Amino acid sequence: MTDEVAKAVEECARAAKGAAPSLAAASDEAIDMALRGMAQRLLDHRDEVLEANVADVERSTADGMSAGLLDRLTITDERLTGMAEQLRLLAGAPHQERSVEVSTLDGGLRLVERRRPVGVIGANYEARPNVTVDVASQLVKSRNAGVLRTGSAALGSAQRLVEVVIAPALAEAGIDADVIQLVPRVEREAAAALVSLPGLVPLVILRGSGDSTRALATEAATHGVRTLAHADGGGVLYVDAAADAEKVRSLVGASLDRLGVCNRLNLLLINDAVYDELWPLVSEALAGRDVSPSLPPYEHAIGYEWALDSDREATVTVARVADLAEAVAIANEQTSGLAAGIATEDAAAAEAFFDGYQGTGVFWNAPTRLLDGFKLLGVPETGINLDRVPGPRGPVTYTDLYVRQYAVLPAGR
């Protein structure tokens with residue numbers, strides 16, 4: 001890591017920490033005013049944002065970026081309008097209770113759980129400009145300052161969003177605009193620098209490819225920095241013997257509307273008893289999305305995540321399974337644990353699948369594409385956490401970004 005890169009990241013972290021008290025002390029009204037201001041400025045400065053994004057897309061196209069990754073990078077007019085609507089919905093969402101009564105202790109003492117901001121939260125994410133707005137808005141709503149670091153392909157779009165949308169809206173609401181910092185460096189070393197500052201940035205949200213995110217989480221641990229990691233993805237669909245054929249067709253199509261996203265259909269498991277009957281229909285549904293099946297014998301792990309393969313992302317792995325138990329075992333042991341669904345008309349089979357699958361999201365006759373903060377919870381997410389330990393799991397939103405403090409007070413106070 002060069003000294004220049006490390007210095008740039010540390011300067012951002014210090015600026016965010018210095019401004020953090022302004023956000024921590026802001027009223028609910030000021031925070032929601034800032035979010036509504038971001039929504040309006042997105043619409044008012046639409047041309048400037050789209051112009052910066054077009055430049056990013058053109059440069060990445062020339063560099064040979066895959067179609068799926070280009071889709072992630074692109075802000076369309078419709079997507080920009082959607083970003084603004086999500087900001088308005090977040091502004092209208094209820095704020096976290098800052099103090100929650102827990103119990104009464106001996107002598108009439110009151111036990112209260114206080115919910116405090118972390119202070120400064122970092123975020124390292126891939127070339128998706130909308131994530132800049134998603135993460136910044138969640139941090140503002142939770143009263144946490146932030147240091148954002150995005151992939152080089154999206155840096156131009158992210159800088160324009162901070163300059164003409166996020167920072168001015170914060171300032172207009174009376175909040176120090178320095179609470180949201182964007183690392184201005186394109187070097188990959190900036191990510192390693194972000195996870196090495198425990199005194200300034202004690203928590204970092206990690207999004208991206210599995211290998212790079214796991215490497216950053218390991219690096220963070222050596223510095224005493226905690227992480228919320230979204231390392232791997234890939235949705236699983238098990239087609240049960242009691243599945244409805246037309247629902248299977250619909251689920252396959254609905255799960256592949258976008259290929260460069262983590263919650264798309266990645267692995268299709270079909271019960272032996274109906275495989276031959278349903279394969280023509282499944283094949284037709286895949287072809288309708290211009291997606292090819294990967295069939296045995298495989299040259300890859302059965303849970304291989306196609307969304308991360310720039311050359312073969314338009315692929316779904318298809319496998320026969322003997323029964324529900326085998327499908328659950330594969331989903332638990334050979335995939336990321338992001339999400340799995342079952343297509344069936346048998347309620348008992350659905351319940352057994354729900355009880356057996358240990359992953360973050362489980363679905364019955366519904367696409368895994370629904371595993372998304374906005375689609376499930378009505379607010380944007382900072383990422384989807386797959387940890388199998390206590391703590392925020394699934395779509396992480398502003399309601400998860402706090403630390404608990406226990407306060408004991410005299411009776412009646």
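The structure displayed is predicted, hence computed values, not measured ones.
- Defined by atom type and a distance below 3.5 Å, a donor-acceptor pair is missing between the side-chain atoms of Thr150 and Arg128.
- Side-chain N/O atoms of Asn144 and Tyr402 include no donor and acceptor closer than 3.5 Å.
- Within the 4.5 Å cutoff, the side chain of Thr344 has heavy atoms near those of the Trp364 side chain.
- Contacts of Glu97 classified as salt bridge (Lys or Arg N to Asp or Glu O under 4.0 Å), with partners at least two apart in sequence or in another chain: none.
- Side-chain atoms of Arg88 and Gln40 form a donor-acceptor pair, as typed in the model, at a separation below 3.5 Å.
- Using a 4.5 Å cut-off on side-chain heavy atoms (C-beta onward), Leu286 and Val316 make contact.
- A cation-pi contact links Arg320 to Tyr275, judged by a cut-off of 6.0 Å to the six-membered ring centre and 45° from its axis.
- In this model, a donor atom of one side chain and an acceptor atom of the other lie less than 3.5 Å apart for Asn271 and Tyr238.
- No salt bridge links Glu48 with Arg160; every basic N to acidic carboxylate O contact stays at or beyond 4.0 Å.
- Side-chain contact of Asn263 with Arg369: a donor-acceptor pair under 3.5 Å is present, judged by distance alone.
- Using a 4.5 Å heavy-atom threshold, the side chains of Leu87 and Leu42 count as touching.
- Paired with Thr382 under the rule side-chain contact (heavy atoms from CB on, under 4.5 Å), one option of Ile121, Asp134, Leu401 passes, and it is Leu401.
- Of all the heavy atoms in Ala190 and Val9, the pair that sits closest is O-CG2, 3.8 Å.
- Side chains of His300 and Asp309: no donor on one and acceptor on the other come within 3.5 Å.
- A salt bridge between Lys17 and Asp178 is absent, with no side-chain N of the basic residue lying under 4.0 Å from a carboxylate O of the acidic one.
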_His230 vs Cys262, test: side-chain contact (heavy atoms from CB on, under 4.5 Å). Steps then yes/no._
CA-CA 9 Å; His230 179 168; Cys262 67; 3.3 Å; yes
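- Between Ala191 and Asn124, the closest heavy-atom pair is CB-OD1, 3.4 Å.
- Contact annotation: the side chain of Tyr406 approaches that of Glu113 to within less than 4.5 Å [non-hydrogen atoms, C-beta and beyond].
- Side chain to side chain, Thr317 and Trp306 meet the donor-acceptor criterion of an N or O pair below 3.5 Å.
- A salt bridge links Arg214 to Asp232: one of the charged nitrogens lies within less than 4.0 Å of a carboxylate oxygen.
- With hydrogens and angles left out, the side-chain atoms of Tyr398 and Ser137 include no donor and acceptor closer than 3.5 Å.
- No hydrogens or angles considered: a donor-acceptor pair under 3.5 Å links the side chains of Ser157 and Asn53.
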*Apply the test side-chain contact (heavy atoms from CB on, under 4.5 Å) to residues Thr227 and Leu216: give CA-CA distance (whole Å), side-chain angles for both, the deciding distance (0.1 Å), then the verdict.*
CA-CA 9 Å; Thr227 57; Leu216 282 173; over 6 Å; no
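- Atom NZ of Lys141 sits about 5.0 Å away from atom CG of Leu90, to the nearest 0.5 Å.
- Counting heavy atoms from C-beta outward, Arg114 and Arg404 have side chains that stay 4.5 Å or more apart.
- Judged purely by distance below 3.5 Å, without hydrogens or angles, the side chains of Glu345 and Asn365 pair a donor atom with an acceptor atom.
- In this structure, Leu376 and Pro395 approach most closely via the heavy-atom pair CD1-CG, 4.3 Å.
- Look at Glu246 and Arg249 and you find a salt bridge, because one of the NZ, NE, NH1 or NH2 atoms lies within 4.0 Å of a carboxylate O, short of that distance.
- Between the CZ atom in Arg188 and the OG atom in Ser152 there is a gap of 7.0 Å [rounded to 0.5 Å].
- Salt-bridge check for Arg143 with Asp28: passed, with a basic side-chain N closer than 4.0 Å to an acidic carboxylate O.
- Interatomic distance, Leu182 CG to Glu163 CD, rounded to the nearest 0.5 Å: 9.0 Å.
- For the pair Gln181/Glu11, no side-chain contact is recorded, criterion being any heavy-atom separation below 4.5 Å from C-beta on.
- For the side-chain contact (heavy atoms from CB on, under 4.5 Å) criterion with Leu269, the lone passing option out of Leu324, Leu237, Ile330 is Ile330.
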